A.B. asks: 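Take a look at this one; I'll ask things after.
Every chain is numbered from 1, with letters handed out A, B, ... down the list of sequences. This one's a predicted model, so the numbers in the text were calculated from it and none came from an experiment.
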There are 2 protein chains.
Amino acid sequence: MHANALATSRSIHAPAMLTSHSFVRPQLLTYFAAEAEIYAQGEQSGPLYRIEYGAVRIYRLLGDGRRQVVAFHLAGETFGFEAGRNHSFFAESMVQTGLRVLDRPTGDQSPDLMALALRGMIRAQEHLLVVGRQNAVERVAAFLLDMMERQGDLDQVELPMTRIDIGDYLGMTIETVSRNLAKLRKEGIIRIPTSRNIEIVKPAALRRLCA
Amino acid sequence: MHANALATSRSIHAPAMLTSHSFVRPQLLTYFAAEAEIYAQGEQSGPLYRIEYGAVRIYRLLGDGRRQVVAFHLAGETFGFEAGRNHSFFAESMVQTGLRVLDRPTGDQSPDLMALALRGMIRAQEHLLVVGRQNAVERVAAFLLDMMERQGDLDQVELPMTRIDIGDYLGMTIETVSRNLAKLRKEGIIRIPTSRNIEIVKPAALRRLCA
DNA sequence: CGGGAAGTTGATATAACTCAAGGTAGGTGG
DNA sequence: CCACCTACCTTGAGTTATATCAACTTCCCG
């Protein structure tokens, strides 16, 4: 179930690069093909990553293959936080992706890192509200709004993920994702030029749906 | 829906108390009656709290009153982390509760604080898997296991929360909570001496249910 | 002892899932 | 350059898990 075809994980380390003003020193730039594994659950946790371009999914699996995507990360965002010595989640590129490997300051003493970690926690908890208490249309609406905001509030939203990814993020099947996108389209709230490109016609209507 | 009767919020500040060895200096001990508000969504965020005794729920509301409990906190645990200047959630005592107000070191530079924040994020993301991808029995089983582990793996689990709280935590109705507790009881996996006191007869069976 | 909130159980309704059949689009090889 | 192939997506029909509505029970607490 939800089998993700194994990725051709060709990652190339670019020469180290240091910037003095940044709270974490970007060093290595690493390239990932689409659908490549960045790290796996159980692996020893390593550095943080900032996405230069591309998109990443963070997920976890149940024994029978059910999958929960806990987060999508887009260009400019940082991921890789872990509580323990080992990764609790899988991270995979969804499209061709360039990551900058960040060097963690010793002792995690950066207030900026703290802020990033806290923002991650808040985002997870807000997503919990969506998944736990909203119905299918509301979830899809919330997802589209989130993607729109994170892409600069443009009315054209690019979806770097498949319907399976969206379903596993929103806790529903791909059919339900598809049906509810169609519903929003029929109501004139969105247009769907291509399956990976959504035009938000009435953002206010989407916001009203999210209660 | 899910109206929670307003709380008699009598909180008394005890004299300040300092300990030198702790990474955060416990200062004030504050008492809360059952069902009292500790902080509200939108309020300016303040200190962290460590629970001396009692139990706290953290939740968020939708416009129509639907509620998602994002976390329960028990004695010994720390809560109150916020990403911005204002609280994103409500915090309420569920039973009579004593909180120690913690003084945040300037700049949030403590690695221990960071660890606590990260653990909170991981816990939220793991809960996302439960709510997003598990069915009713599995959710109830996961909840009971979690409560058991956090109470020292004793087979007697005390539930400081109502069925409404459990339902709003697991993303289901109180009837479904009740029916699935009954199901586990009929299968001999748990006993229910009183509604707030569950005996875990077969912890292995619960674990098997969580896949 | 009485009243009310909390919890349980039953009957029915419904939203989302499952299974199934097309449709579409992007990539590859002839 | 075109046609095929495959993966992704959409739509439809029927099923099912959970919600809803309702009645009843239990347990506090005054």
A.B. asks: Ion pair present between A/Arg191 and A/Asp155, side-chain N to carboxylate O less than 4.0 angstrom?
C.D. replies: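 Salt bridge between A/Arg191 and A/Asp155, a charged N being under 4.0 Å from a carboxylate O: no.
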
A.B. asks: Would you call B/Glu126 and A/Arg60 a salt bridge, taking side-chain N to carboxylate O under 4.0 Å as the test?
C.D. replies: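 Counted as a salt bridge, because a side-chain N and a carboxylate O are separated by less than 4.0 Å.
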
A.B. asks: Quick one: list whatever passes side-chain hydrogen bond (donor to acceptor under 3.5 Å, both in side chains) with A/Glu158, sequence neighbours left out.
C.D. replies: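 Result, side-chain hydrogen bond (donor to acceptor under 3.5 Å, both in side chains) vs A/Glu158: A/Asn197.
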
A.B. asks: For B/Thr162, report the nucleic acid contact type (base, sugar-phosphate, nothing); a contact means any heavy atom under 4.0 Å.
C.D. replies: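 Sugar-phosphate contact only.
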
A.B. asks: Under a 4.0 Å threshold between the charged nitrogen and the carboxylate oxygen, would B/Glu77 count as salt-bridged to B/Arg150?
C.D. replies: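 Result for this pair is yes, salt bridge flagged.
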
A.B. asks: Check the distance between C/dC17's C1' and A/Ile174's CD1 and give it to me in whole angstrom.
C.D. replies: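 Distance, rounded to whole Å: 12 Å.
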
A.B. asks: Runs of at least three consecutive Watson-Crick or G-U pairs, both distances under 3.5 Å, are what I'm after; which ones involve DNA chain C?
C.D. replies: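 As far as DNA chain C goes, consecutive pairing (with distances under 3.5 Å) yields the stems C:1-30 with D:1-30.
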
A.B. asks: Could you walk me through whether A/Val70 and B/Leu129 pass the side-chain contact (heavy atoms from CB on, under 4.5 Å) test, one step at a time?
C.D. replies: CA-CA 8 Å; A/Val70 299; B/Leu129 176 67; 5.8 Å; no

A.B. asks: Is B/Arg57 close enough and on-axis enough to B/Phe72, meaning under 6.0 Å and within 45°, for cation-pi?
C.D. replies: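 Pair B/Arg57/B/Phe72 does not count as cation-pi.
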
A.B. asks: Whole angstroms only, please: what is the CZ-C1' distance between B/Arg66 and D/dT20?
C.D. replies: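 After rounding, the gap between these two atoms is 15 Å.
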
A.B. asks: Using a heavy-atom distance cut-off of less than 4.0 Å, which residues of residues 181-194 of chain B contact DNA chain C?
C.D. replies: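 Going residue by residue through residues 181-194 of chain B, the ones with a heavy atom under 4.0 Å of DNA chain C turn out to be B/Ala182, B/Arg185.
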
A.B. asks: Categorize B/Arg139 for me: base, sugar-phosphate, or nothing, with a 4.0 angstrom heavy-atom threshold over every strand shown.
C.D. replies: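 Since no nucleic acid heavy atom lies under 4.0 Å of B/Arg139, the category is nothing.
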
A.B. asks: Whole angstrom is fine here: how far is it from CE in A/Met94 over to P in D/dC8?
C.D. replies: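 After rounding, the gap between these two atoms is 14 Å.
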
A.B. asks: Where the side chain of A/Arg196 is defined as all heavy atoms beyond and including C-beta, which of D/dC9, C/dT18, C/dA16 is the nearest nucleotide?
C.D. replies: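 Closest of the options to the side chain of A/Arg196: D/dC9.
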
A.B. asks: Evaluate side chain to side chain donor-acceptor pair (under 3.5 Å) for B/His87 paired with B/Glu82, printing each intermediate quantity in order.
C.D. replies: CA-CA 6 Å; B/His87 283 291; B/Glu82 287 290 345; 3.2 Å; yes

A.B. asks: From C-beta outward on B/Met172, which listed nucleotide comes closest to its side chain: D/dT10, D/dA19, C/dG7?
C.D. replies: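 That would be D/dA19.
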
A.B. asks: Measure CG/A/Leu170 against P/C/dA16 and give the value in whole Å, please.
C.D. replies: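 Roughly 12 Å, once rounded to whole Å.
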
A.B. asks: Between C/dC19, C/dA16, D/dT20, which one does the side chain of A/Glu175 approach most closely?
C.D. replies: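 Nearest nucleotide to the side chain: C/dC19.
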
A.B. asks: D/dC8 P sits how many Å from A/Ile166 CD1, rounded?
C.D. replies: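 Checked: the CD1 to P distance equals 13 Å.
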
A.B. asks: Charged N to carboxylate O under 4.0 angstrom, B/Arg66 versus A/Glu138?
C.D. replies: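 Salt bridge between B/Arg66 and A/Glu138, a charged N being under 4.0 Å from a carboxylate O: yes.
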
A.B. asks: Do B/Tyr49 and B/His73 have ring centroids that are under 6.0 Å from one another?
C.D. replies: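 Centroid distance B/His73-B/Tyr49: not below 6.0 Å, so no.
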
A.B. asks: Rounding to an integer number of Å, can you tell me how far A/Glu138 CD sits from C/dA16 C1'?
C.D. replies: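 To the nearest whole Å, that distance equals 14 Å.
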
A.B. asks: Between C/dA16, D/dC9, D/dA19, which nucleotide gets closest to the side-chain atoms of A/Arg163?
C.D. replies: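 Comparing C/dA16, D/dC9, D/dA19 against the side chain of A/Arg163, the answer is D/dC9.
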
A.B. asks: In whole Å, what is the span from the CG atom of A/Asp168 to the P atom of C/dC17?
C.D. replies: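 For the pair A/Asp168 CG and C/dC17 P, the rounded distance is 11 Å.
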
A.B. asks: Name the closest nucleotide to the B/Arg179 side chain, picking from D/dC9, C/dC17, D/dT20.
C.D. replies: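 When the side chain of B/Arg179 is considered, D/dT20 is the closest of D/dC9, C/dC17, D/dT20.
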
A.B. asks: Which listed nucleotide (D/dT18, C/dT8, C/dT18) is nearest to the side chain of B/Asn135?
C.D. replies: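 Of all the options, the side chain of B/Asn135 is nearest to D/dT18.
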
